[in-house]
Enquirer: 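Please read through the structure below; I'll follow up with questions.
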Amino acid sequence: MLDLRRIRAEPDIVKAALERRGHDAGVIDHVLDLDRHHRAVGEERDQLRREISVLSKEVGQLRRTGAADADELTARSRVLGQAESTLAARADELAGAVREHLLRMANLPALACPDGMDEHANVVLRVENFDPQGYAAHQRVPHWEIGAALGILDVERGAKMSGSMFVLYRRKGAALVRALVQLALDRNADAYEEIRPPTLVRTDTMISTGHLPKFIDDAYHLERDDLWAIPTAEVPLTSLARDEILDESELPMRLMAHTSCFRREAGSAGRDTRGLLRVHEFDKVEILAYTTPAQATAAHDDILGRSEALIRDLGLAYRIVDICAGDLGSSSARTWDIEVFAPGVDRWLEVSSCSWFGDYQARRANVRYRPSGQKGTQFVHTLNGSALAVPRVWAALVETYRQSDGSVALPAILAPYMRGDPVITAR
RNA sequence: GGAGCGGUGGCCGAGUUCGGUCGAAGGCGCUCCCCUGCUAAGGGAGUAGGGCCCUAAAAAGGUCCUCGUGGGUUCAAAUCCCACCCGCUCCGCCA
């Protein structure tokens, strides 16, 4: 969430930044009103508490020494106590209202983030390895057809057991899922600590990354135990250091995790959902860093660089997209997407989102560090990106590497992860 | 799921019997200083986080909150009561 003191000090800057997202900046004035009121009430309350505490200490003195009767003092204090509890209740109410607004407010886009109100204004920074004329007819087959023909993707049976937008992989299709996960983990193990976190988390954990309360309809919830299925490993990884104070020497702290990810995708039924384009459950390797503010830029570059290198080495066509302010994820200040070209469906598919969150998530998760040589603490910055999101990469690979005989010959880099044989043929 | 015990600062740990002089002994760690040919050892000082006020801002200062979380009792709660969360031990169940 945003720093309330910054909103107080620079309301116009904050408003302008929110407006770049197309958000209504009117909330800011409302929040400032609530905040002013809250501080006034809080001060009155603190003053009463002060008086009560002084009286109580005097009562204690009298009782111990037995010098005089304390009844008069306790009576006075009791009256103050009644007034105090009224004010305290009011102050709590106001504080709650402020917090509720802050939790629903998006992060401010970075200055460098391009202007624009929707995805059409996103800026393509680079296109790599892409030749629109360079695809043969046999590559122009959608992955769901290839998957069905080779017996490696079973959309129907996925739907039978779990509903639409749940899929199951078979044979070398399933092996390819594992291969991609393993490859992504291996390539980042030099700098990122591997974590295998829980996939079911508490409400607080979802709030920390910004997935709640605003996006409650996008998440699966297990009511009986009040647990949420994570939409990305970003959620547990960002809470790894929740409520902790890190030492500056520990930063940047780099983590990666392979998890299943669960997304309800409410409202997207029927739209761009065929095959693997959009599924409710998928595997992803996420990489994440906690940094000092000064380290953030380098960490962002590192995450993009690693994600990009993996896609490049898989031989896919891809482009890097700088997401404009109006299309930015709610918690992010700056996001670069990687989109791969899938020739069979003839479109660019988003396979990675590399984001810098500033201290927006750290403030929610209360992750701080001690700057060495200084007093006090500061919020860390958080950054993350998908090292590899399986389904769409799987789709692009199968389409790109489809041969004229209908088989799929995957790149050699995957061979070690597929028992030495990256060629997929019909049974 | 049942029974018992526990949750205190960066870490360990006393305090809870019998509420007040406790935001908290002692230790470890860390920072600074002294001593020291170097190292080790030793001596001294400091060292929780956060809100608000003050300030151009900071420092200093003032004040409030925080001893797992939330509520209650009381003039006054780390300490008493209730609920919940988490941990450990035992029992039950189980991949």
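Below, each value reflects all heavy atoms present in this structure, side chains not excepted, and no hydrogens, waters or symmetry copies. Bear in mind the structure is a predicted one, so any value in this text is a computation, not a measurement. Here is how names work: the chains are called A, B, and so on, in the same order as the sequence lines, proteins then strands, and each is numbered from 1.
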Enquirer: Taking atom CZ of A/Arg196 as the centre, report whether more than 12 heavy atoms of other residues, nucleotides or ligands fall under 6.0 Å from it.
Expert: yes
Enquirer: If B/C22 has a Watson-Crick or G-U wobble mate with both distances under 3.5 Å, name it; if not, just say none.
Expert: none
Enquirer: What integer distance in Å separates A/Glu84:CD from B/A77:P?
Expert: 10 Å
Enquirer: Could you give the distance separating B/G23 and B/A78 at their P atoms, to the nearest angstrom?
Expert: 7 Å
Enquirer: Is A/Lys15 salt-bridged to A/Asp29, cutoff N-O under 4.0 Å?
Expert: yes
Enquirer: Take atom NE2 of A/His37 and atom P of B/C52, then tell me their distance rounded to the nearest Å.
Expert: 16 Å
Enquirer: How do A/Arg8 and A/Asp92 order along RNA chain B: which one's closest nucleotide is nearer the 5' end?
Expert: A/Arg8
Enquirer: Mind checking the P distance from B/C35 to B/C52? Whole angstroms is fine.
Expert: 45 Å
Enquirer: Between A/Glu193 and A/Arg254, is there a side-chain N and carboxylate O pair less than 4.0 Å apart?
Expert: no
Enquirer: For the side chain of A/Ser56, starting at C-beta, report the closest nucleotide among B/C52, B/G49, B/A76.
Expert: B/A76
Enquirer: What nucleotide among B/G49, B/C75, B/C64 has an atom nearest to a side-chain atom of A/Arg368?
Expert: B/G49
Enquirer: Say we look at B/G49 and B/G43: how far apart would their C1' atoms be, to the nearest angstrom?
Expert: 31 Å
Enquirer: Using the P atom in both, what is the distance from B/G70 to B/G9, to the nearest Å?
Expert: 15 Å
Enquirer: Which nucleotide wins on minimum distance to the side chain of A/Arg202, given the candidates B/C86, B/C64, B/G49?
Expert: B/C86
Enquirer: Give one of base, sugar-phosphate or nothing for A/Thr74, where a contact means two heavy atoms less than 4.0 Å apart.
Expert: base
Enquirer: Compute the centroid of each ring, for A/Tyr169 and then for A/Trp394, and state whether the two points are separated by less than 6.0 Å.
Expert: yes
Enquirer: Just name whichever nucleotide pairs with B/U36, Watson-Crick or G-U, keeping both distances under 3.5 Å, else none.
Expert: none
Enquirer: In whole Å, I'd like the distance from the CD atom of A/Glu43 to the C1' atom of B/C65.
Expert: 14 Å
Enquirer: Please give the nucleotide sitting opposite B/C30 as a Watson-Crick or G-U wobble pair, both distances under 3.5 Å, or none.
Expert: B/G46
Enquirer: What is the distance, to the nearest angstrom, from the CZ atom on A/Arg49 to the C1' atom on B/C64?
Expert: 7 Å
Enquirer: From the set B/G20, B/C53, B/G49, return the single nucleotide nearest to any side-chain atom of A/Arg39.
Expert: B/C53
Enquirer: Tell which nucleotide pairs with B/U17, taking only Watson-Crick or G-U wobble pairs whose two distances are both under 3.5 angstrom.
Expert: none
Enquirer: Send over the distance from A/Leu55 CG to B/A77 C1', rounded to a whole Å.
Expert: 17 Å
Enquirer: Can you tell me the pairing partner of B/C54 across any strand shown, Watson-Crick or G-U wobble, with both distances under 3.5 angstrom?
Expert: none
Enquirer: Provide the distance between the two C1' atoms, one in B/C67 and one in B/C12, to the nearest whole Å.
Expert: 15 Å
Enquirer: Which comes earlier along RNA chain B counting from the 5' end, the contact point of A/Gly60 or that of A/Leu73, where each point is its nearest nucleotide?
Expert: A/Gly60
Enquirer: Please report the distance separating the C1' of B/C85 from the corresponding atom of B/U47, rounded so that it comes out in whole Å.
Expert: 31 Å
Enquirer: For B/G6, which nucleotide is its Watson-Crick or G-U wobble mate, given both distances must be under 3.5 Å?
Expert: B/C86
Enquirer: If the cut-off is 4.0 Å, is A/Arg370 near the phosphate of B/G49, judged by side-chain N/O to OP1 or OP2?
Expert: yes
Enquirer: Of the options B/C75, B/U63, B/G49, whose atoms approach the side-chain atoms of A/Asp46 most closely?
Expert: B/U63
Enquirer: Identify whether the distance between the nearest side-chain nitrogen and carboxylate oxygen of A/Glu72 and A/Arg76 falls below 4.0 Å.
Expert: yes
Enquirer: Nearest whole Å is fine: how far is B/C64 P from A/Glu51 CD?
Expert: 11 Å
Enquirer: Roughly how far apart are A/Thr209 OG1 and A/His211 NE2, rounded to 0.5 Å?
Expert: 5.0 Å
Enquirer: Check the distance between B/C86's C1' and A/Asp243's CG and give it to me in whole angstrom.
Expert: 13 Å
Enquirer: Using the C1' atom in both, what is the distance from B/G6 to B/G13, to the nearest Å?
Expert: 14 Å
Enquirer: If you measure from the P atom in B/G2 to the same atom in B/A83, how many Å do you get, rounded?
Expert: 13 Å
Enquirer: Indicate whether the side chain of A/Arg364 and that of A/Asn366 have a donor and an acceptor atom separated by less than 3.5 Å.
Expert: no
Enquirer: Nearest-Å distance, CZ (A/Arg5) to P (B/A57)?
Expert: 12 Å
Enquirer: Among B/G49, B/G51, B/A76, which nucleotide has an atom closest to any side-chain atom of A/Ile52?
Expert: B/A76
Enquirer: Identify which nucleotide among B/C64, B/C75, B/G49 has an atom closest to any side-chain atom of A/Arg50, counting heavy atoms from C-beta outward.
Expert: B/C64
